[in-house]
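Shown next, in structure tokens, is the structure this report addresses.
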Protein chains: 2
Amino acid sequence: MSAGRQDVHNSNVPALCQSCEARHNGMCGVLNADELLAFAKHTRVVRHGAGEELLSEGASITAYSNVMRGVVKLIKTLADGRRQIVGLQFAPDFVGRLYADESAVTAEAASDVELCRISKRALERMVASNPMLEGRLLKQALRDVDEAREWMVALGRKTASEKLASFLGQIGRYLDPMVAQDDRTLAFELPLTRAEIADFLGLTIGTVSRELSRLKRDGIIEIRSRRKIEIIDRQRLQQRSG
Amino acid sequence: MSAGRQDVHNSNVPALCQSCEARHNGMCGVLNADELLAFAKHTRVVRHGAGEELLSEGASITAYSNVMRGVVKLIKTLADGRRQIVGLQFAPDFVGRLYADESAVTAEAASDVELCRISKRALERMVASNPMLEGRLLKQALRDVDEAREWMVALGRKTASEKLASFLGQIGRYLDPMVAQDDRTLAFELPLTRAEIADFLGLTIGTVSRELSRLKRDGIIEIRSRRKIEIIDRQRLQQRSG
DNA sequence: CGGGCTTTTGAGGTGGCTCAAACAGAGTGG
DNA sequence: CCACTCTGTTTGAGCCACCTCAAAAGCCCG
């Protein structure tokens with residue numbers, strides 16, 4: 001509380017923020033040590049297990065979050081239960097629809113997650129007084145638009161096998177951005193079950209499984225275990241993604 | 001530059017802005033008369049005929065626009081020519097991807113349009129110095145996200161007939177927001193050809209036409225001419241949109 | 001080592017596609 | 001005012017990608 005003894009030095013940064021990805025690439029990156037300190041007064045780290053619902057479609061929004069670890073899926077559901085995943089948020093993404101009173105999506109932890117939570121009121125006050133912060137949120141929103149539109153193409157115009165190839169490519173690219181261009185194999189853990197992949201790609205679980213098997217049969221990927229995939233031939237994966 | 005003679009009065013507003021929708025509901029709404037005047041120094045009204053390309057996927061962006069009249073469609077194209085319309089922008093929407101050097105979409109006039117054009121450089125400078133403007137663009141981006149996600153559900157999970165019903169419902173709602181709830185019929189002009197509707201809904205032209213015929217046969221709509229549709233039974237249209 | 005998951009695989013059905021022909025409107029020129 | 005064309009739309013017949021339903025096979029944890 002009393003910040004009297006602290007000098008203007010980087011060590012003023014709250015311990016949790018030190019290693020938080022949001023400080024580097026996320027919205028907190030625009031805050032200096034003092035602002036970060038003020039910000040941290042309103043935040044709380046919360047943990048949720050895989051499958052827990054963080055936010056319910058139609059429910060009122062009381063807080064926003066930044067993803068610190070894990071994956072959050074954004075889901076929309078039709079009256080008869082059909083589901084579509086409309087977004088995946090990885091660290092250090094921002095979760096929540098700024099200014100909306102009620103959520104247009106259900107947010108659910110796809111894996112165990114750690115979130116940095118801040119009340120709706122507090123964040124909106126900070127945004128109003130800090131244009132830099134607003135700018136970061138604008139950039140996040142623009143990225144979200146880009147991504148949603150990218151998937152609209154997949155959903156509307158790609159075949160099942162192209163959808164799977166695009167999905168694996170995107171996950172691979174996201175999880176290992178460093179080695180985007182060379183041709184080594186690339187192994188990673190799928191953040192989603194087959195059923196969730198189906199809900200993301202507008203397919204059924206059967207088709208997802210079949211197409212994965214096909215990619216494996218064709219020597220493009222290896223399926224090491226349910227969740228562990230290895231991309232053997234990126235080039236051909238790319239070719240198949242439409 | 002010398003604003004000496006101008007008193008703080010509404011009549012200082014540039015003539016073109018007086019009636020422009022962007023001043024009321026669009027991004028210019030946050031500008032006062034002086035700011036608007038400064039803004040207008042960098043803008044130019046441009047007209048384009050239906051079908052003209054305003055912006056090309058992958059091309060560098062040099063200017064942004066506000067739609068003053070007409071409809072702009074945002075298109076993404078796959079290597080083999082398959083197309084997906086990923087957004088429709090009506091007055092007073094903002095067109096262009098802020099901060100991006102190259103466009104991720106092709107923008108095309110769906111009808112004859114009037115745009116208020118401003119150079120990328122000029123707008124970005126104004127945004128940097130005017131947080132209110134940035135806030136408006138953030139809100140626009142958030143609306144774009146909401147809309148894209150709404151259509152992801154349709155593309156991924158709705159049947160052809162549900163897609164058509166959703167589309168007609170949205171257009172109707174947009175073009176006549178005043179009478180959203182009562183049960184009068186609602187006539188309007190489609191801003192898109194059958195082929196464009198197909199590219200929006202991830203269908204083929206044949207299916208679009210068939211489903212429209214079915215809605216007509218079932219007494220839910222009337223097709224007055226190619227472009228003129230009348231919604232006879234909004235309630236049942238709503239029921240069919242999933 | 002059995003019971004409850006998720007995933008894979010198979011067999012058959014179907015919604016929306018492809019291909020193709022007929023039709024309708026809006027110009028255009030005779 | 002009527003062909004004549006051009007483009008956009010409707011409609012039909014047949015097919016295929018993906019769905020549905022169902023069973024078998026892994027995998028994980030007691």
Side-chain angles (χ1 to χ4, degrees), chain A residues 49-51 73 78 80-84 110-112 154-168 189-218 221-229 240 242, chain B residues 49-51 73 78 80-85 108 110-112 154-168 189-218 221-229 240 242:
Chain A
K73 48 183 173 147
L78 295 177
D80 63 1
R82 282 173 286 174
R83 299 172 139 235
Q84 175 67 46
S111 62
D112 291 352
L155 290 169
R157 291 304 188 196
K158 290 188 184 176
T159 64
S161 97
E162 288 169 338
K163 286 176 179 178
L164 257 298
S166 305
F167 174 71
L168 293 177
E189 183 131 345
L190 283 175
L192 304 180
T193 66
R194 301 290 186 272
E196 289 169 328
I197 296 172
D199 282 341
F200 190 43
L201 300 179
L203 300 170
T204 56
I205 182 172
T207 302
V208 169
S209 184
R210 247 181 274 278
E211 293 301 335
L212 284 177
S213 299
R214 188 141 78 94
L215 287 170
K216 175 181 165 181
R217 191 177 334 116
D218 295 351
I221 64 171
E222 266 314 317
I223 302 177
R224 298 271 172 242
S225 76
R226 288 179 173 186
R227 294 288 195 122
K228 291 201 169 48
I229 297 281
R240 293 207 184 188
Chain B
K73 48 182 173 150
L78 295 177
D80 63 1
R82 283 172 286 175
R83 299 172 137 232
Q84 176 68 46
I85 294 182
E108 209 179 289
S111 62
D112 291 353
L155 290 169
R157 291 305 188 196
K158 291 187 183 177
T159 64
S161 99
E162 288 170 338
K163 286 176 179 178
L164 257 298
S166 305
F167 174 71
L168 293 176
E189 183 131 345
L190 282 176
L192 303 180
T193 65
R194 301 288 184 271
E196 289 169 328
I197 296 172
D199 282 340
F200 189 42
L201 300 179
L203 300 170
T204 57
I205 182 173
T207 301
V208 169
S209 184
R210 248 181 272 278
E211 293 300 335
L212 284 177
S213 298
R214 188 140 78 95
L215 287 170
K216 175 181 166 183
R217 191 178 333 117
D218 295 351
I221 64 171
E222 266 314 319
I223 302 177
R224 298 271 172 243
S225 76
R226 291 179 172 186
R227 293 291 194 120
K228 291 201 169 48
I229 297 282
R240 294 207 183 187

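The model shown is predicted, which means the values in this text are computed figures rather than measured ones. Sequence lines set the chain letters: A, B, ... in the order given, protein chains first and strands last, and positions in each chain run from 1.
- As judged by a 4.0 angstrom heavy-atom cut-off over every strand, T159(A) is placed among residues touching the sugar-phosphate backbone only.
- The interatomic distance linking I223(B) (CD1) with dC23(C) (P) rounds to 18 Å, in whole Å.
- Between the C1' atom of dT7(C) and the CG atom of L192(A) lies a distance of 15 Å, rounded to the nearest Å.
- On the nucleic acid side, DNA chain D has its first and last nucleotide under 4.0 Å of a heavy atom of chain B at dG8(D) to dA13(D), going 5' to 3'.
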Under the side-chain contact (heavy atoms from CB on, under 4.5 Å) rule, what do L201(B) and T207(B) come out as? Steps first, then yes or no, please.
-> CA-CA 10 Å; L201(B) 300 179; T207(B) 301; over 6 Å; no

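- In this structure a side-chain-to-backbone donor-acceptor pair under 3.5 Å is missing from E222(A) to K216(A).
- The minimum heavy-atom distance linking R82(B) with T159(A) is given by the pair NH1-N, 4.2 Å.
- A donor-acceptor pair under 3.5 Å is formed between the side chain of D112(B) and the backbone N or O of A50(B).
- Annotation for S166(B) and K158(B): closest pair OG-NZ, 3.0 Å, computed over non-hydrogen atoms.
- Taking a 4.0 Å limit (strictly below) on heavy-atom distances, residues 200-213 of chain B reaches DNA chain D at G206(B), S209(B), R210(B), S213(B).
- In this structure, L192(A) and R227(A) approach most closely via the heavy-atom pair N-NH1, 3.5 Å.
- Judged by distance alone, with hydrogens and angles left aside, the side-chain atoms of R157(A) form a donor-acceptor pair with the main-chain N or O of L203(B) at under 3.5 Å.
- Rounding to whole angstrom units, CZ of residue R226(A) and P of dT6(C) are separated by 8 Å.
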Does the pair F200(B) and V208(B) meet the rule for a side-chain contact (heavy atoms from CB on, under 4.5 Å), with working shown?
-> CA-CA 10 Å; F200(B) 189 42; V208(B) 169; over 6 Å; no

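- Taking atom CZ on R217(A) and atom C1' on dG10(C), their separation rounds to 13 Å, with Å as the unit.
- Taking atom CZ of residue R194(B) and atom P of nucleotide dC23(C), one finds them 18 Å apart after rounding to whole Å.
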